[in-house]
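Atom set for the values below is all heavy atoms of this structure, side chains included, hydrogens, waters and symmetry mates excluded.
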Amino acid sequence: LVKSSDTVCPFQVDLCIATGEPVSTETKQGADQILGFLKKQKQQQQAQNDEDDDDDDPDIPSGGGEKKEEEAIGYVEMVQDIAAKLNANKLPFVKSKFNGSGGELPKTRFYGEMLKNLSGKLGKNEYPLKGSFQYPHRARFLMMVDRRDKETEDDVFMYTAPANCRDIPSNYVPEWFISASKATLLPDLE
């Protein structure tokens with residue numbers, strides 16, 4: 001992109017990193033101190049709320065009801081199978097492995113090569129401006145680094161955004177970019 005004489009800007013790239021279930025590294029002593037502090041804060045807040053309560057409100061029943069403790073949901077895998085989602089939505093994508101060094105390519109060229117490969121996969125329907133400008137002019141594309149399997153190299157996906165948030169309009173407002181990111185980062189299987 002740097003050496004090109006064609007117009008490239010504006011464009012948008014969203015970088016997403018998929019991680020697995022978080023691992024707790026806290027010590028028991030540190031956790032006990034934090035829990036003790038939080039319990040003390042809650043007791044102080046309850047004492048202050050009890051002082052502020054008016055007992056003369058007839059609409060509020062007094063006592064009797066025990067609050068159920070909310071159950072922790074725990075870890076939920078939201079990303080799932082990236083390639084299956086991209087295929088189901090017919091989004092052109094390229095996939096590479098990254099081990100932190102870039103392999104045979106220098107690290108600085110790794111993403112440039114992926115962009116070149118993605119650009120080669122795009123037809124006129126995926127990128128209508130391809131004939132007059134260099135991709136990714138007025139386009140949005142995404143990168144997803146899959147770090148869920150820490151035993152192997154990371155899978156890096158580069159793909160085009162869905163049509164509803166892919167092409168940057170010629171009269172865009174600055175909020176368009178945030179709105180496009182909110183619209184979708186990784187589409188569902190449906």
Side-chain angles (χ1 to χ4, degrees), residues 1-25 73-170 172 175-190:
L1 293 177
V2 174
K3 294 180 181 180
S4 173
S5 62
D6 293 333
T7 302
V8 178
C9 292
F11 67 91
Q12 176 179 349
V13 59
D14 291 323
L15 174 64
C16 308
I17 302 172
T19 60
E21 184 173 3
V23 178
S24 177
T25 58
I73 293 175
Y75 175 71
V76 177
E77 173 61 57
M78 298 297 292
V79 176
Q80 300 166 343
D81 188 348
I82 298 168
K85 288 183 173 186
L86 297 174
N87 284 324
N89 287 278
K90 297 179 176 77
L91 295 176
F93 72 94
V94 293
K95 177 182 171 185
S96 284
K97 297 272 188 195
F98 189 75
N99 63 6
S101 71
E104 295 176 18
L105 291 172
K107 282 194 269 189
T108 55
R109 301 283 183 226
F110 180 78
Y111 300 107
E113 284 298 311
M114 286 188 75
L115 183 59
K116 187 190 308 183
N117 293 339
L118 178 62
S119 179
K121 283 187 161 195
L122 299 179
K124 289 185 180 182
N125 292 337
E126 289 91 6
Y127 184 59
L129 301 172
K130 191 174 182 183
S132 52
F133 295 98
Q134 180 180 352
Y135 184 77
H137 175 71
R138 285 188 34 215
R140 175 176 173 248
F141 64 98
L142 298 100
M143 295 179 65
M144 177 75 71
V145 181
D146 191 355
R147 307 249 10 225
R148 292 176 290 177
D149 185 4
K150 295 189 174 37
E151 301 298 319
T152 62
E153 299 173 315
D154 297 332
D155 289 329
V156 181
F157 294 85
M158 185 179 285
Y159 52 98
T160 63
N164 67 330
C165 56
R166 176 190 61 208
D167 302 323
I168 301 171
S170 59
Y172 67 88
E175 291 82 5
W176 184 91
F177 299 94
I178 289 290
S179 179
S181 295
K182 283 178 65 177
T184 187
L185 293 173
L186 182 63
D188 286 327
L189 283 170
E190 292 93 34

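- You'll find the side chain of Leu91 reaches within 4.5 Å of the side chain of Pro187, heavy atoms only.
- For the atom pair Arg166 CZ and Thr184 OG1, the distance stands at 13.0 Å (nearest 0.5 Å).
- For the pair Val94/Leu115, no side-chain contact is recorded, criterion being any heavy-atom separation below 4.5 Å from C-beta on.
- With rounding to the nearest 0.5 angstrom, the CZ atom of Phe98 is 14.5 Å from the CG atom of Asp146.
- Considering only residues two or more places apart in sequence or on other chains, Asp149 meets the side-chain contact (heavy atoms from CB on, under 4.5 Å) condition with Glu151, Thr152.
- Scored by the side chain to side chain donor-acceptor pair (under 3.5 Å) test, Arg147 finds Asp154 as partners (sequence neighbours excluded).
- Applying the side chain to side chain donor-acceptor pair (under 3.5 Å) test to Asp14 and every residue at least two apart in sequence or in another chain returns Gln12, Arg140, Ser181.
- Contact check for Cys16 versus Met143: no side-chain heavy atoms found under the 4.5 Å cut-off.
- Contact check for Arg148 versus Ile82: side-chain heavy atoms found under the 4.5 Å cut-off.
- Nearest approach of Leu142 to Leu185, heavy atoms of both residues: CD2-O, 3.2 Å.
- Pairing each heavy atom of Ala139 with each of Ile168, the nearest pair is O-CD1, 3.7 Å.
- Side-chain contact between Tyr172 and Arg138 is absent, with no heavy-atom pair separated by less than 4.5 Å.
- Here the CG atom belonging to Asp155 is positioned 8.5 Å from the CD atom belonging to Glu153, to the nearest 0.5 angstrom.
- Annotation for Phe110 and Ser96: closest pair CZ-CB, 3.6 Å, computed over non-hydrogen atoms.
- Met158 places none of its side-chain heavy atoms less than 4.5 Å from the side chain of Val156.
- Note that the NZ atom of Lys95 and the OH atom of Tyr159 stand 13.5 Å from one another [nearest 0.5 Å].
- Between Phe157 and Phe93, the two ring planes are tilted [angle within 30° to 60°].
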